[in-house]
Amino acid sequence: MQVRGKKAAAPTRMAGGQPVQHTPSQSLTVPAPIRGWILNENLATVQPAGARVLDNWLCTTTGVRVRGGTALHCTLPYPVTSLFSFNSQIDKFFAATETGVFDISAPADPVVEMAETVTGQTSGEYSVVQFGTAGGDYLYAVNGTDAPLLFDGITFVSVTGVSTPAITGVTTSALSAVWSFANRLFFIEAGSMNAWYLGVDSIGGAANSFSLAGVFRQGGSLLFGAVWSLDTGAGLDDKCVFVSTEGEIAVYAGTNPGSAADWSLQGLYSMPRPLGKTSFTQAGGDLLIATEIGLIPVSSALQTDVAAIEARAVSVAIAPYWQDRVRMLLGGWNVVKAPRRGVMFISQPDSAGATKTCLAVNVLTGAWSRCTGWDTQCLGYFDGNPYYGALDGKVYLMDVGGSDAGASYTAVMLGQFDHMGAYGRKKSIRQGRATFQASSPFNARLSALADYNNTLSAPPETVANYSSDVWDVGLWDVAIWDADSTPETRSNWVAMGATGATIAPELQLTFGVTPTPDIELVAIDLEFHLGAVVA
């Protein structure tokens with residue numbers, strides 16, 4: 001931040017020649033909170049470019065943009081518990097409930113309840129992996145209570161000891177997590193320390209047991225496995241990691257667990273307990289795991305004692321909020337990257353439906369924000385877009401349009417409370433100006449709060465609905481084809497009234513329109529007068 005004083009006017013003189021001093025007007029430019037939502041800094045010594053509240057904004061490398069809304073994709077008869085996709089010559093998108101699996105690739109009508117593709121299931125929390133062999137591409141889905149489902153691009157097969165293909169040597173319905181490593185499929189046996197693996201390039205056959213009962217020291221059971229690497233891709237340094245419910249991580253090198261010469265334990269490490277068997281994602285070669293204290297890279301767990309690992313969490317900026325939500329929610333968090341948007345979403349499933357929130361983090365800057373009104377029981381990614389499944393049985397496309405499936409939403413930003421270069425002195429805010437880069441119409445309400453008061457103002461009304469002039473939609477000789485695609489700088493001074501020792505700008509924009517808002521905040525200017533020292 002930078003404080004710039006305006007040149008004071010020359011004092012006028014009254015009768016008797018005594019000068020009358022005029023308080024100089026000063027200004028402060030508050031940059032857009034590109035550091036994102038910050039909750040772990042002392043209120044009196046905060047750094048610039050952060051926000052105390054950042055709801056329904058998404059952080060960019062240059063500012064913060066208003067998030068898009070949601071669009072109804074399909075409707076299921078029961079709460080949605082898992083979303084997963086199959087990408088091959090024919091791409092498929094699936095949703096699961098406690099009773100079945102649904103093909104939601106192309107719903108005929110988003111409002112009409114869909115019929116199950118797979119029936120008779122007893123659990124809806126799936127772990128999935130896509131696996132390619134010489135025979136084609138396949139998708140394995142396991143839930144720990146039903147026989148694994150194998151999808152070949154056309155149909156699902158329940159894999160048992162006598163099916164085609166079959167997995168023998170293990171009770172297949174007990175398999176609760178699946179992943180691939182070194183051209184093999186690995187599985188976790190629910191509630192145990194047993195892992196199982198198949199032969200190279202095999203989707204069936206004899207399953208071989210690999211026990212970690214003598215490796216882990218803190219009890220619990222195996223939760224999931226994954227691939228971890230020192231580089232950004234698949235290579236000779238890839239490691240197979242096994243993660244327990246208690247947060248222990250066993251790292252193995254090699255390609256064949258059945259050969260002592262080609263399989264060795266590289267290390268055993270500890271981190272806080274994970275928040276579910278799908279609470280992780282790949283980040284280059286690293287692995288990010290959502291745990292009880294934050295989103296933690298496996299590489300940090302290997303280098304830092306568990307007592308100090310919170311400082312290495314990707315989510316350290318919002319640690320107080322993250323840990324508060326963990327105390328309220330049971331687990332089952334999902335992590336999904338949306339590369340086209342440069343954002344990663346983290347679900348916060350509330351089985352009671354009391355709160356509807358989703359976390360968002362910029363994958364380049366690590367800046368956080370929060371999306372409200374999204375009942376993210378589970379997350380998925382299909383055809384370049386993120387989706388979430390909700391308790392009401394509906395699946396929604398995320399960050400699209402200008403309303404949440406017809407309901408309005410408000411983007412709220414409360415900046416950090418700032419002493420404005422004059423500690424201990426009162427400041428009176430006279431006027432302010434928010435500067436945007438935008439190609440969409442909007443109504444913005446800019447105000448200010450003082451002295452750490454977090455009571456937000458009433459939100460503004462939404463801008464009147466409008467249509468986007470796009471090809472094959474806009475009217476000929478009426479539409480301006482680039483009207484909603486070329487951002488312009490927009491700003492306007494508004495009167496403000498706030499007095500205090502510390503001041504924080506508050507900005508709100510409400511949307512209930514059809515097109516996706518194209519609005520990015522650049523900065524906020526505040527004009528103020530200094531008062532006396534606060535006694």
Side-chain angles (χ1 to χ4, degrees), residues 30-34 36 51 53-72 338 340-343 345 358 360 362 367 369-374 384-386 396-414 432-447 457-494 505-525:
V30 180
I34 58 173
V53 176
L54 197 59
D55 287 348
N56 299 322
W57 299 85
L58 296 178
C59 298
T60 70
T61 57
T62 57
V64 291
R65 71 172 177 88
V66 176
R67 72 160 172 86
T70 59
L72 179 62
R340 291 183 182 179
R341 292 165 171 80
V343 176
F345 294 103
C358 177
N362 184 284
S369 61
R370 183 178 65 170
C371 301
T372 62
W374 289 2
N385 293 299
Y396 296 90
L397 173 61
M398 303 164 66
D399 193 27
V400 65
S403 71
D404 281 345
S408 61
Y409 63 93
T410 301
V412 182
M413 191 281 290
L414 176 63
R433 174 179 65 181
T435 300
F436 302 89
Q437 285 286 314
S439 62
S440 305
F442 60 91
N443 289 331
R445 176 166 293 170
L446 178 62
S447 57
S457 306
E461 296 293 327
T462 180
V463 67
N465 198 14
Y466 63 95
S467 60
S468 183
D469 290 337
V470 296
W471 186 261
D472 210 27
V473 175
L475 297 178
W476 192 263
D477 271 345
V478 175
I480 303 173
W481 302 118
D482 63 349
D484 201 38
S485 60
T486 304
E488 300 175 343
T489 300
R490 304 184 189 180
S491 61
N492 186 40
W493 287 98
V494 296
E506 177 196 3
L507 178 66
Q508 299 192 58
L509 296 84
T510 301
F511 294 91
V513 296
T514 302
T516 304
D518 179 22
I519 302 162
E520 181 173 299
L521 175 66
V522 177
I524 296 174
D525 298 315

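For the pair Ser369 (side chain) and Leu54 (backbone), a donor-acceptor distance under 3.5 Å is absent. When atom types are taken as modelled, the side chain of Asp399 and the backbone of Gly68 share a donor-acceptor pair closer than 3.5 angstrom. At distances below 3.5 Å, at least one donor-acceptor pair connects side-chain atoms of Ser440 with backbone N or O atoms of Asp518. Between the side chain of Asn362 and the backbone N or O of Ala367 there is no donor-acceptor pair closer than 3.5 Å. A donor-acceptor pair under 3.5 Å is formed between the side chain of Asn465 and the backbone N or O of Thr514. A distance-only check finds a donor-acceptor pair linking the side chain of Thr60 to the backbone of Thr62 [under 3.5 Å].
The side-chain heavy atoms of Val522 and Phe436, taken from C-beta on, include no pair separated by under 4.5 Å. Using a 4.5 Å cut-off on side-chain heavy atoms (C-beta onward), Gln437 and Thr489 make contact. At least one side-chain heavy atom of Val513 sits less than 4.5 Å from a side-chain heavy atom of Tyr466. In this structure, Cys371 and Arg67 have side chains that are in contact, with non-hydrogen atoms separated by less than 4.5 Å. Counting only heavy atoms from C-beta outward, the side chains of Val494 and Ser447 never approach each other to under 4.5 Å.
To the nearest 0.5 Å, the span separating CH2 on Trp57 from CD1 on Ile519 amounts to 7.5 Å. The CG atom of Leu446 sits 9.5 Å away from the CH2 atom of Trp493 when rounded to the nearest 0.5 Å. For the atom pair Gln508 CD and Asn443 CG, the distance stands at 12.5 Å (nearest 0.5 Å). To the nearest 0.5 Å, the span separating CZ on Arg65 from CG on Asn56 amounts to 11.5 Å.
Across all non-hydrogen atoms, the minimal contact from Met413 to Ile524 is CE-CD1, 3.4 Å. Nearest heavy atoms, Pro441 versus Val463: O-CG1, 3.8 Å. Nearest approach of Thr70 to Met398, heavy atoms of both residues: CG2-CA, 4.4 Å. When all heavy atoms of Pro459 and Arg445 are compared, the pair lying nearest together is O-NH1, 3.3 Å. In plain terms, the two heavy atoms of Leu521 and Thr435 that are nearest each other are CD1-O, 3.5 Å. Heavy atoms only, all atoms of each residue included: Pro386 and Arg341 are closest at CD-NH1, 3.2 Å.
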Review point. Where do Tyr409 and Thr372 land on the side-chain contact (heavy atoms from CB on, under 4.5 Å) test, with the steps shown first?
Key: CA-CA 8 Å; Tyr409 63 93; Thr372 62; 6.0 Å; no
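Side-chain contact annotation: Ser439 with Thr486, donor-acceptor N/O pair under 3.5 Å absent. Checking Ser457 against Glu506 by side-chain atom types alone, a donor-acceptor pair falls below 3.5 Å.
Between Arg370 and Asp55 there is a salt bridge, with a side-chain nitrogen of the basic residue lying less than 4.0 Å from a carboxylate oxygen of the acidic one.
Cation-pi geometry between Arg490 and Phe442 is not met: the NZ or CZ atom fails to fall both under 6.0 Å from the ring centre and inside 45° of the normal.
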